[in-house]
2 protein chains.
Amino acid sequence: MDTALRLADAEGLDAVSMRRLARELDVSPMSLYSYFEAKNDLVRAMLDVVSRGLGPADVTDGDWSEHLAEMGRRMRAAILEHPRLAQLFVTAPALGGRAMYVVEDMIGALRSKGVPGETALRAVYAVTAYAIGFVAQEVPRRDRGDTASRQEALASLPGDRFPNLVELAELAAGFASDEQFESGLTALIAGYAGGSPAQ
Amino acid sequence: MDTALRLADAEGLDAVSMRRLARELDVSPMSLYSYFEAKNDLVRAMLDVVSRGLGPADVTDGDWSEHLAEMGRRMRAAILEHPRLAQLFVTAPALGGRAMYVVEDMIGALRSKGVPGETALRAVYAVTAYAIGFVAQEVPRRDRGDTASRQEALASLPGDRFPNLVELAELAAGFASDEQFESGLTALIAGYAGGSPAQ
DNA sequence: CTGTATATCGTACGCCGTACGGACTAAACA
DNA sequence: TGTTTAGTCCGTACGGCGTACGATATACAG
């Protein structure tokens with residue numbers, strides 16, 4: 001697993017083939033099948049290791065909105081630790097492994113603070129969706145150049161069809177990912193809490 | 001493109017190989033390279049066609065929150081029309097093609113109703129992230145059995161470690177996707193609007 | 001008619017996942 | 001002790017993949 005993850009981080013998920021991984025380990029390709037029934041199993045194991053980075057949601061102070069926000073932040077952070085594996089989270093048949101524990105604990109925390117089960121489920125589900133979708137958009141964007149080049153790309157759109165994007169190019173390109181993430185996260189949770197608006 | 005999309009819808013994205021697509025078309029594999037420089041181009045073209053399904057955001061009544069919500073719904077609906085291509089949206093280097101027009105128009109609509117540019121950008125970005133992430137979780141879940149079997153799967157978790165998920169299994173399995181999507185979408189937008197709480 | 005562009009194709013290379021069966025090793029048991 | 005068993009490793013082979021390269025055929029411009 002170490003080698004597989006190192007390989008994936010360094011050269012991308014596509015570089016992780018049974019044959020290539022075996023070569024890295026100075027071993028025959030078929031040997032790997034003693035440990036994984038098929039390549040899918042290997043990939044699932046990789047996802048599991050990464051999602052272990054979620055860690056327990058041990059924040060106990062603050063109200064439940066803060067709990068929930070923290071879960072969202074952890075989820076994003078865990079995925080961003082291995083950006084090249086991000087697509088796994090997004091394509092995965094289901095959140096499993098560590099993520100399951102986090103969801104369970106988060107729902108428990110919310111309920112213990114008086115949130116009804118249904119709302120807790122809905123809110124956790126929504127935050128999960130937001131975090132995954134956000135990172136899915138964030139990762140490729142990050143790979144594709146700095147702020148200046150992103151701004152240039154937006155500004156060079158045909159101005160007669162994209163007046164708003166062109167006008168706001170500088171603003172849009174300058175958004176820090178962290179702020180942008182917080183913005184949506186805060187809004188989403190505020191919506192569930194019926195609290196104050198974001199931004 | 002028609003054949004490629006039909007093939008992808010019927011047998012999944014993996015079935016769309018240059019060789020297979022050529023066979024479907026009664027043509028040599030290499031012939032396809034007259035029209036697409038590489039397989040990536042073909043995939044991008046497929047994504048473009050699908051995202052054309054977004055259509056223009058032509059809802060002009062209602063306030064801007066309703067506009068924004070409609071964009072989210074359209075986005076989800078467009079992706080769900082070709083569920084087996086969903087991962088493309090999520091892995092894509094950037095929203096392009098039709099999606100770009102939708103974003104532009106949506107930002108324009110929001111601004112024309114008095115929303116500051118920055119908020120408009122942030123809100124549209126957040127809704128996009130939410131919609132993509134939601135569908136990413138929704139598609140595999142849908143493939144994996146009906147309500148009853150999902151409930152069973154949840155209920156059979158070890159009760160000492162997952163008390164909440166077990167207890168709420170019935171509730172969780174029974175959530176209709178549409179309701180769940182609306183729940184998060186409403187919350188998110190309400191957060192930006194500073195309006196009333198969801199659910 | 002001649003040249004040039006366009007579409008199609010056959011062949012070949014180096015990847016991939018993995019089915020199958022064999023060889024070696026170490027532990028469990030007689 | 002010898003024998004069996006389970007686990008590990010491997011070589012070979014099959015069918016698939018993307019696509020570089022060069023040849024051919026067809027159509028159209030001059």
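Throughout, a chain's letter reflects where its sequence line sits, starting with A, and its residues are numbered from 1. Heavy atoms only: backbone and side chains are in, while hydrogens, waters and symmetry mates are out.
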Only distances under 3.5 Å count here; give the side-chain donor-acceptor pairs of residues 164-177 of chain A to other protein atoms, sequence neighbours excluded, each with its distance to 0.1 Å.
unit_1: A:N164; atom_1: OD1; unit_2: B:R111; atom_2: NH1; d: 2.9
unit_1: A:N164; atom_1: ND2; unit_2: B:E104; atom_2: OE2; d: 3.0
unit_1: A:E167; atom_1: OE1; unit_2: B:R111; atom_2: NH1; d: 3.2
unit_1: A:E167; atom_1: OE2; unit_2: B:R111; atom_2: NH2; d: 3.0
unit_1: A:S177; atom_1: OG; unit_2: A:E138; atom_2: OE2; d: 3.3

Ion pair B:R73/B:E66, N-O distance below 4.0 Å: yes
Whether over 12 other heavy atoms sit under 6.0 Å from A:D146 CG: yes
Any donor-acceptor pair under 3.5 Å from A:T119 side chain to A:V115 backbone: no
Exceeds 12 heavy-atom contacts within 6.0 angstrom, atom CD of B:E11: yes
Contact list for DNA chain D against residues 28-40 of chain B - heavy-atom distance below 4.0 Å: B:M30, B:Y33, B:A38, B:K39
Electrostatic pair B:D143:B:R84 at N-O distance under 4.0 angstrom: no
Side-chain donor or acceptor of B:T186 paired with backbone N/O of B:E182 under 3.5 Å: yes
Exam field: side chain A:E24 to backbone A:L7, donor-acceptor pair closer than 3.5 Å: no
Flag, side chain of A:K39 to backbone of A:V16, donor-acceptor distance under 3.5 Å: yes
Estimated bend of the helix from C:dG3-D:dC28 to C:dC29-D:dG2 (axis per five terminal pairs, rounded to 10 degrees): 10°
Start and end of the DNA chain D segment that chain A contacts, any atom under 4.0 Å from a heavy atom: D:dT8 to D:dA13
Main-chain N/O of B:L88 paired with B:T91 side-chain donor or acceptor, under 3.5 Å: no
Interface with DNA chain C, restricted to residues 5-21 of chain B and to heavy atoms under 4.0 Å: B:R19
Presence of salt bridge, A:R52 and A:D48, under 4.0 angstrom: yes
Pair listing, ring-ring contact (aromatic ring centres under 6.0 Å, His included) test, anchored in residues 131-151 of chain A, at least two apart: A:Y130-A:F134, A:F134-A:F181, A:F134-B:Y125
